[in-house]
Amino acid sequence: MEEKKRCCHCMELKSVRLNVCPYCGYDEKTPYDANYAPPGTEINGRYMLGIKIGHNSEGANYIGYSSAIGCKVLIREYMPVGLCKRIRGRATISVYPNKLVQYKTLMAEFTELNKNLAQMRNLPHIIPTLDIFEANNTTYVAYEYLEGIKLVEYLKDNAGELTWKQVSELFPTFFTTLSLMHNHNVVHRAISPDTIYVTPKGELRLCGFSIYAVRTVHLELPSELFHGYAAPEQYTPGAKQGTFTDVYAVCAVLYRILTGCKPPDAMSRIESDNLREPYEMNPNISRSVSRAIIKGLCLDSIERTQTITELVTQLFEQPEGQSATTHSIVLPAETGKRNRKQVVTRKAGNADSGFDSKNQNSQNSENMIERVRTPLMFVIMLLCVLLIILIIVFSMMRSGSVTIQNQNSETITTTDALSESENNIVTESDTESLELTEPSGDSQMPTLIGTSYELQKEKLEADGWLYLEPVYEYNDLYKAGIIINQTIDAGEPFQSGSTVGVTVSRGPASVVLPDYQGKSLMQYELELEELGLTSANYYTEAVQNYDFANGQVVELSKAAGEVFDLSSEEKLRIFYASNPETTIVIMTETIPPETAPPETEPVTEPVTESPTAPPETTFPDIETAPIPEEPTQTDGDSDMQDAPQTAPIDIIPFDNNN
């Protein structure tokens, strides 16, 4: 039987002999981005990675195949830009040592976000999460593979815009999913025509979830914002974000769908807000819908519609004097040439293909229910409030009766207790009142944990936006200078100019002393500072030792390699060479320069036949005698051959000391 393998593009089985897939035409020799996992990588024994189909600063999306469920899936890999790298051809991610804490912090946020999404996998308009697992030094998430096209492409196929009737058929259940998602404390921050998909069944699916750092500018990772749909607070680090951030994006999407034009981006609107109301661009849009969209696009987050529920109420509110069927969210699907209308027709095809009078009466009944639903809800809420008030009054009356029944000394005690209780109630009421009226702040607390204290202090305090008050403590998990705690949680509101307390790591409480051999005192002190030792933990002492160069470490009070407790009062002693300079006097013998004596004729001793008195000779005559020249490097004994043939004479040696 012929061996087969899966295509990395379409995940269909094909012969191993074929480089080009017969189903999709993908060539296995196609180059891939070396920064990401190579196609065909096996993960966790259950998944195979195909080609990369998208990425942002948080990570990458791959087409994948799950052998456990036997189908194609979408796999998301956490791989933050600038914090790690991948060697070509390898699946394992290598994290930069100085970015390890930041890498782990953001990975924990990535995992927590997808755990929340996994709990909402049954919601109809969110891409379902199938699995979360760790491998290759990172975290992976497997999603159900999404079939369909982006909403932006869908609009191109429908003349660039949709009618309000089509929107009222397509979006109501999508709004419900968003509201439930917000109840799970998940804010998307990137709702746009590029992150909303339309399935072949005509249903909307939301994807593109990412961590906070990716959806806000000037944070740990390069931001990915969809301009025109991103709210103003996403352009300001630390500004408060919430459900109203998604409300802005949803209203921007509705603006684009109904008018065919994307709204200006928030930053340009802040400089000059020239946003026109939707009904001015499309007269078919009712003024109530137009006002609801504009209110959701308010630049001031406080003035903006706060929740999806409020937005839906404003969108589908019936104008006075208008038919109740105008904004009904249950409308008959129209048949026509456009694909969208055909999809809706199939969706409604579970019932009879036509609409008789019975169906029309049913719709009128539903519309009547829609009209009375909101007033009915207010009546029910009012009854609940009245019931709670009655319960509180009844409880207070019972407490008062106890005081009346006791007329002895216990009455005073009971009365005092009641008085204290009443005082406590007033205090709690005042506290609640203060909590209700207390301003929430104009900014949102950034994530400080896992970041450098010095860098954050320089950045945040430069313009007086936020001040840091540090407390230092030893920590085995974080290196020195890293923030490990903050008194105001990330994402909480605060007033600009406030002070937040932070706990800064001193590094591990116990360190292993590094080797000092061959190192200067300055080099060794720098190594100690990197380990968390300060001048309070050690002192230096100069010693005289000519075996070491000046400034070189000679010895420690503890052996290198031993564990040193930074939290103790013990101090490390570092001995370094400090040798005094010495002057060495070298005695040399001064030799006067030699002067060549004048050349004279050789003196020979006269030879006489009879003994006669010798001629008078004096020492000066000897001194003028020729001195044999220094022998030169010549062949043979030429010096001896050239010597004059004279009788031997006695020569007194020349003494240099005289």
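Note: hydrogens, waters and symmetry copies are ignored here, and every other heavy atom, side chains too, is used.
- Here the side chain of Glu469 pairs no donor or acceptor atom with the backbone of Val500 at under 3.5 angstrom.
- For residues 87-111, no pair satisfies salt bridge (Lys or Arg N to Asp or Glu O under 4.0 Å), with sequence neighbours left out.
- In this structure, a donor-acceptor pair under 3.5 Å is present between the side chains of Tyr140 and Glu77.
- Checked by atom type and distance alone, the side chain of Asn114 never pairs as donor or acceptor with a backbone atom of Thr111 at under 3.5 Å.
- Scanning all heavy atoms of the two residues, the minimum distance from Ser67 to Gly45 falls at OG-O, 3.9 Å.
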Evaluate the criterion salt bridge (Lys or Arg N to Asp or Glu O under 4.0 Å) for residue pair Arg189 and Glu233; output intermediate values, then yes/no. CA-CA 10 Å; Arg189 298 185 180 90; Glu233 54 267 23; over 6 Å; no
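- Salt-bridge formation is detected for the pair Glu58/Arg76: a Lys NZ or Arg NE/NH1/NH2 atom is positioned less than 4.0 Å from an Asp or Glu carboxylate oxygen.
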Exercise answer: donor-acceptor pairs, residues 206-219 side-chain atoms, under 3.5 Å, sequence neighbours excluded:
residue, atom, partner, partner atom, Å
Ser210, OG, Asn56, ND2, 3.3
Ser210, OG, Arg215, NH2, 3.4
Arg215, NH1, Glu224, O, 2.8
Arg215, NH1, Glu224, OE1, 2.7
Arg215, NH2, Gly208, O, 2.7
Thr216, OG1, Tyr212, O, 3.4
Thr216, OG1, Gln241, NE2, 3.0

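- With rounding to the nearest 0.5 Å, the separation of OH in Tyr26 from CD1 in Ile63 is 9.5 Å.
- Although no hydrogens or angles enter the test, the distance criterion places a donor-acceptor pair under 3.5 Å between the side chain of Tyr78 and the main chain of Met107.
- Remark: Tyr453 pairs with no residue by the ring-ring contact (aromatic ring centres under 6.0 Å, His included) rule, at least two apart or across chains.
- In this structure, the side chain of Asn579 engages the main chain of Asn545 through a donor-acceptor pair within 3.5 Å.
- For Asp565, there are no salt bridge (charged side-chain N to carboxylate O under 4.0 Å, His left out) partners, not counting sequence neighbours.
- Among residues two or more places apart in sequence or in another chain, the side-chain hydrogen bond (donor to acceptor under 3.5 Å, both in side chains) test is passed with Lys519 by Glu527.
- Counting non-hydrogen atoms of other residues, nucleotides and ligands closer than 6.0 Å to CD of Gln544 gives a total above 12.
- Put simply, CD1 on Ile484 and CG on Asn475 are 4.0 Å apart, with the number rounded to the nearest 0.5 Å.
- In this structure, Arg6 satisfies the cation-pi test against Tyr65, with its NZ or CZ atom closer than 6.0 Å to the six-membered ring centre and inside 45 degrees of the ring normal.
- Of the possible donor and acceptor atoms, none in the side chain of His184 sits under 3.5 Å from a partner among the backbone N and O of Val186.
- Proximity of a side-chain donor or acceptor of Ser223 to a complementary backbone N or O of Leu225 within less than 3.5 Å is not detected.
- Using a 4.5 Å heavy-atom threshold, the side chains of Thr139 and Phe110 count as touching.
- Remark: Glu525 engages Tyr538 in a side-chain hydrogen bond (donor to acceptor under 3.5 Å, both in side chains) (not counting sequence neighbours).
- Aromatic ring centres of Tyr524 and Tyr576 lie farther apart than the 6.0 Å criterion allows.
- Going from atom CD1 of Ile483 over to atom CD of Glu454 covers 9.5 Å, rounded to the nearest 0.5 Å.
- Sorted by first and then second residue, the salt bridge (Lys or Arg N to Asp or Glu O under 4.0 Å) pairs involving residues 548-563 (not counting sequence neighbours) are Lys558-Glu562, Lys558-Glu570.
- Scanning for side-chain hydrogen bond (donor to acceptor under 3.5 Å, both in side chains) contacts around Thr540 gives an empty result, with sequence neighbours left out.
- Between the side chain of Glu144 and the backbone N or O of Leu74, no donor-acceptor pair lies under 3.5 Å.
- The heavy-atom pair separating Arg304 from Leu299 by the smallest distance is NH2-O, 3.4 Å.
- Counting only distance, with no hydrogens or angles, the side chain of Arg86 and the backbone of Ala91 share a donor-acceptor pair below 3.5 Å.
- Sequence neighbours left out, not one pair with a member in residues 504-513 passes side-chain hydrogen bond (donor to acceptor under 3.5 Å, both in side chains).
- Remark: the backbone N or O of Thr30 is not paired with any side-chain donor or acceptor of Asp27 at under 3.5 angstrom.
- The shortest heavy-atom contact between Ile191 and Ala249 is O-CB, 3.4 Å.
- In this structure, the side chain of Ser520 engages the main chain of Gln523 through a donor-acceptor pair within 3.5 Å.
- Applying the salt bridge (Lys or Arg N to Asp or Glu O under 4.0 Å) definition to pairs two or more places apart or across chains, those involving residues 37-57 are Arg46-Asp131.
- Residue pairs satisfying the salt bridge (Lys or Arg N to Asp or Glu O under 4.0 Å) criterion with at least one member in residues 532-546, sequence neighbours excluded, are listed as follows: Glu541-Arg573.
- Lys5 pairs by the side-chain hydrogen bond (donor to acceptor under 3.5 Å, both in side chains) definition with Glu28, not counting sequence neighbours.
- No side-chain N or O of Tyr62 forms a donor-acceptor pair with one of His55 less than 3.5 Å apart.
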